[in-house]
Amino acid sequence: MFANARFIKASKQFSLEFTEDKNLCPLFRKSFTINKSYKKAQLFVCALGLGYSFVNGQDVTDELFAPPYSNYDKRIWYLSYDVTNLLKEGENVLAFMVGNGFYNEDMPNDWESEKASWRDQPKVIATLMVDGEEVVNTDENFKCSLTSPYVMNRLRTGVIYDARIFNENWATTLFDDGNWDNAVIDTNTPNGKFYLCSLKGLKEYETYEPVHVIKKQDGRVIFDFGYNHSGIIHFSTMQKEGDMITFRYAEALDGDLELDYNMRTKWPYHKNELAKDRYICDGKGKIWANRFAYHGFRFVEATGLDLDADYTIKSVFVHQDIERRSTFECSNQMLNRLFNCGVRSTLSNMFYNPIDCPTREKLGWMNDAQSSAEQFLTDFHLEELLTKWVEDMKDAMKDNGELPGIVPTHGWGYQWGNGPVSDGCFFETPYRIYLHSGNSECLISCIPYYHRYFDFLCTKEDEKGLVEFGLWDWANPRRNRKFTPATLINALLRIKFSRIGSLACRLAGEDASRFEAEEKRQEKIILNEFIDEQGRCTNNEQTACAMLIYYKIGNREVLGEQLLELIKKEDYHHMCGMVGLRHLYIALNMIGQQETAYRIITNVGYPGYYNWIIKNATTLFEFWDSYESKNHHMYSDFMSWLIKTVVGISPDDNASTFEKIDIEPYFFANLKYAKGSYNSVKGEVKVQWKKTDDNIRLIINSPTDNFVYYKGKALDKGENEFII
C-alpha cells in the first residue's frame, strides 16, 4: 500500500531525553493540484506515535488517538479513510499533526518504555489515491514545522498546549509555508509489516457538565463532573493572553475536598506528576479539546483560572466505538447501579485492546482481561477488537512459547506479571469469540501457538509436573497474600487450556490427542496433590474449591459443602481475588446455590461491591479497600452472571449462542422483577419476569423459530408467555 511512500519526520532532530516541559509535536503539509473531476479518493496513513490527518483543513475522521500501539518491529497498524468529499478540483492541501503516543515515551517509568528499541521522534507515512491513482505520497517534498501548539505531549501523563501558536489555516491553501523546512525521509523505521486496522476508533461520546464546583481560598477551583470515566475536557476562556492554567485530574476527593492521589498515581513515573495538562491562553475563547493525552477522572482541579473571565468547561467521555450486546435491569437498584458501573468501566478501558485503567497505566494487562473476557463478549460486540488483540498476542509470543504480562509490549512483562493467570487470556479470548459468534477462525489460527505455549509450560514444571511461576489470585481482599498456591491455580488453568486447544483442533479437523492427554495428566496431578481421601481440597480456600467445581474436577458434592463452609465462615463474603471471583458465582450455580451467589454480590460490609456503591462509585475499583485505581474492569464477571442467572439467558460453555440459547432464569427471593436482552447472531433475545401475588409472569421473545429454548422446548419466533 505504501510502495512509493516513505515515513517522514522533522529535519531538525530533537532530543529524546526526558524534559518536563518539552516533547514536540511536528506538523507536516503538502499542496497539490487535482486537474479533473473524480469519483473516489482514499487516504492510507500510519503515524508512528499518534497522528491526525487533514484535507483542506478538515479532519478526515472524528476518531481519536490512532493508530493502535503495537510491537513495531513485527506489526504496524495503518488506517484507511474515504476523503472523497474533502477534496476539490484545483489546489488542495494534505496535512498531518503527529504526537508521541506509546511510540516515543521519554518519561522514565516502571515498564521501562523509555528504553524501547524503536524510540524516535514521531513520524508519518501516507498515500492518497484518487480513482485508483497515487496522487500524493509522503516524501521529502512535504513541508514540516516543529512550532505546533502542543509544546509537550505525553499520552499517559498530559500535555502543554499553547493556544497562541495555533493557526486555524495551517492545513489549508490560505497558509504560507515558505518558512517551513522540508521533511526528511526516515532512516530509523522499525521493521514491522503493515496491517490494515479496520476497527472503529475512539470517539467522543457523553458530555458531562459540572455537577458541583468547589472554590478554594488560594484561587484553585475543583469541578465535579459526576461520573468517573476516560476522557478529556472541552475548555474555552477569554482569559488574558499568555496566562497559564494547569488542570489536574483525579477520580476522588479526600476528606479535605482535595484531589485524592492515594492510588500510586505518581508511583509508576518515579514521582513525576501524572494526569496534568497545562493550557496557555490566547484571549480568543476558542474551544480546546486535548488530542494527544486522555485521562481517567471525575474531578478536575484548575489552577490559574480567572473566574471573572468568560470560560466554559465540560468533560467528555472518550472510548472505543463499540456496541452493547446485552442489557440488564431488576428491582434491586444497587444491582442496577453496579451493572452500570461495569458498563462504564469496560468502555473506559478499551483502547484498541482492553487496558487495565485509564488513570495510570493504560496497558493491556492479560490477567485483567482473562478475568473479564466472558463479560466483554456477553455485554459488548467486541469480536473484532479482541481478534485484533489476539494478533498482538501472537506477535508478543517468543519463539520458545513464552508470553508477557502485557500486550502489546516493547519487551517488558516476561520477567513479572505473566504466567498462566495472565497467559490464559490467549486461550480464553478466542474461545469466547467462538462461543458468541460462531466464528472459529481466530481460535483455529492459534493452534500452532498453543503447541508452542504448551512446550514452554513443560520447561517450567517441577518433578511432580506442577508449575509455580506467574501471578496468583491477584488483588484479593487480603492484599495479595498468596493463600491459594499458584501450583493449583496453574494446574486448573492448564486443564482449561487443554480443553480449548482440543476444541480448536476438532474444529480444524486436526489431531487433538496432545491436548486431550494433557487434560487427563493435569487432572490426575490435581487429584493426587490437592484432594484428600474424603474428597476435600487440601487448600481450604474459596478460590481452590470454586475452580475445582467450575472445571468439574473431583467430587462436586463434597467440594460444594467445603465451599459453602468457607463462605459462611466469611459471613457470606467472598475471600478471593480476580481468579477466584471469576469462577465463584458460576460454581455456586453448579451446586444449586444461586441464592448464595446473590447474597455475596449484594452483601454489606468488607469485602464487597456494596462498599463501592455506598462510596458513590460510578465505576468498578481495582482493590476492595478502594485505595488505588477506581476504574478497572477485572471484577466485572458478575455482569455475565446477572445475564445468565437473573435474566436467565445462557450464552455459556454449554450453549454456543450461534447454535441455540437456553433460557433459565432464577427467581430470587429478594427480587420482584428482572428484564434483559442479549443480541445473538440470530437477533435479539429478550427476557422479562415479574412476580405477582399469585404467580410469576415470564415473557421470552425469540428472534426466530427453534433457536431459543425454555425447559428443553424450542420456542416460536416472537413473544412467548409463561405463568409459573
Side-chain angles (χ1 to χ4, degrees), residues 156-158 206-235 245-269 271-279 290 293-307 311-318 334 337-338 340-342 344-345 347-349 356-362 475 479 606-633 635:
R156 290 200 276 196
T157 58
E206 295 94 333
T207 297
Y208 304 128
E209 301 278 353
V211 297
H212 188 50
V213 179
I214 303 170
K215 298 179 181 179
K216 296 293 184 176
Q217 290 185 347
D218 59 5
R220 291 177 296 121
V221 184
I222 297 177
F223 299 95
D224 177 2
F225 292 100
Y227 294 97
N228 196 4
H229 59 288
S230 57
I232 60 177
I233 60 171
H234 282 193
F235 175 73
I245 303 167
T246 299
F247 297 104
R248 297 173 68 227
Y249 303 80
E251 297 180 300
L253 300 181
D254 63 19
D256 296 323
L257 298 182
E258 297 286 353
L259 299 188
D260 184 0
Y261 284 111
N262 289 327
M263 58 184 76
R264 298 187 299 173
T265 302
K266 297 181 181 180
W267 154 73
Y269 293 92
K271 308 307 179 184
N272 289 294
E273 194 164 16
L274 183 63
K276 180 175 72 174
D277 294 325
R278 282 162 283 181
Y279 178 87
N290 200 337
Y294 76 99
H295 307 286
F297 66 99
R298 171 175 170 174
F299 300 91
V300 176
E301 175 195 270
T303 301
L305 175 63
D306 184 354
L307 297 176
Y311 75 92
T312 63
I313 186 169
K314 299 178 182 179
S315 176
V316 182
F317 194 176
V318 174
M334 189 277 276
R337 285 183 60 184
L338 191 59
N340 290 332
C341 286
R344 193 171 289 107
S345 282
L347 291 173
S348 294
N349 285 292
D356 62 322
C357 63
T359 51
R360 188 178 65 222
E361 301 178 38
K362 299 180 173 71
R479 267 288 172 172
Y606 182 86
Y609 292 104
Y610 190 81
N611 270 15
W612 296 347
I613 296 300
I614 63 175
K615 293 178 181 179
N616 205 23
T618 59
T619 44
L620 306 180
F621 293 176
E622 179 182 15
F623 284 95
W624 296 102
D625 58 15
S626 312
Y627 179 70
E628 295 182 19
S629 163
K630 294 177 174 59
N631 198 346
H632 265 60
H633 59 75
Y635 286 123

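The first residue of the sequence shown is numbered 1, and numbering continues consecutively from there.
Note that CZ of Phe299 and CD of Glu258 are 12.0 Å apart. Values are rounded to the nearest 0.5 Å. To the nearest 0.5 angstrom, Leu259 atom CG is 5.0 Å from Ile222 atom CD1. Residue Thr157 holds its OG1 atom at 14.5 Å from CZ of Arg360, rounded to the nearest 0.5 Å. From Tyr311, atom OH reaches atom CG of Leu305 across 5.5 Å, with rounding to the nearest 0.5 Å. In this structure, the separation between CD on Glu628 and OG1 on Thr359 is 9.5 Å, given to the nearest 0.5 Å. Separation of atoms CG (Asn228) and SG (Cys357) is listed at 10.5 Å; rounding is to 0.5 Å.
For Glu206, there are no salt bridge (charged side-chain N to carboxylate O under 4.0 Å, His left out) partners at least two apart in sequence or on another chain. Listed by chain and residue number, Glu209 satisfy the salt bridge (charged side-chain N to carboxylate O under 4.0 Å, His left out) test with Lys314 (two or more places apart in sequence, or in another chain). With sequence neighbours excluded, no residue satisfies side-chain hydrogen bond (donor to acceptor under 3.5 Å, both in side chains) with Ser230. Applying the ring-ring contact (aromatic ring centres under 6.0 Å, His included) rule to His229 yields the partners Tyr208, Phe297, Phe317; only residues at least two apart in sequence or on another chain are considered. Residues passing the side-chain hydrogen bond (donor to acceptor under 3.5 Å, both in side chains) test with Asn290, sequence neighbours excluded: Asp277. For the salt bridge (charged side-chain N to carboxylate O under 4.0 Å, His left out) test, residues two or more places apart in sequence or in another chain that qualify with Arg278 are Glu20. Remark: Asp306 engages no residue in a side-chain hydrogen bond (donor to acceptor under 3.5 Å, both in side chains) (not counting sequence neighbours). Applying the side-chain contact (heavy atoms from CB on, under 4.5 Å) test to Ala617 and every residue at least two apart in sequence or in another chain returns Trp612, Phe621. For Leu257, the side-chain contact (heavy atoms from CB on, under 4.5 Å) partners two or more places apart in sequence, or in a different chain, are Ile214, Lys216, Leu253. By the side-chain hydrogen bond (donor to acceptor under 3.5 Å, both in side chains) test, Asp224 is found to be paired with Arg298, residues two or more places apart in sequence or in another chain being considered. For the side-chain contact (heavy atoms from CB on, under 4.5 Å) test, residues two or more places apart in sequence or in another chain that qualify with Tyr610 are Met334, Val604, Ile614. Every side-chain contact (heavy atoms from CB on, under 4.5 Å) that Thr303 has, sequence neighbours left out, goes to Arg220, Thr246, Glu301.
The side-chain heavy atoms of Val300 and Phe225, taken from C-beta on, include a pair separated by under 4.5 Å. Contact annotation: the side chain of Leu338 approaches that of Tyr609 to within less than 4.5 Å [non-hydrogen atoms, C-beta and beyond].
His633 approaches Asn349 most closely through the heavy-atom pair CD2-CB, 3.7 Å. Closest of all the heavy-atom pairs between Ile313 and Pro210 is O-CD, 3.6 Å. Nearest heavy-atom pair, Glu251 versus Gly296, reported as atom, atom and distance to 0.1 Å: CG-O, 3.8 Å. For the residue pair Ser348 and Pro358, the shortest heavy atom distance occurs at O-CB, 3.9 Å. For the pair Ala302 and Phe223, the tightest heavy-atom approach, listed with the atom from each and the gap, is CB-CE1, 4.1 Å. Closest non-hydrogen pair, Lys615 versus Asp625, comes out as NZ-O, 4.1 Å.
Thr619 places no side-chain N or O within donor-acceptor distance of the main-chain N or O of Arg344, the cut-off being under 3.5 Å. The backbone N or O of Leu620 lies less than 3.5 Å from a partner atom in the side chain of Ser345, making a donor-acceptor pair.
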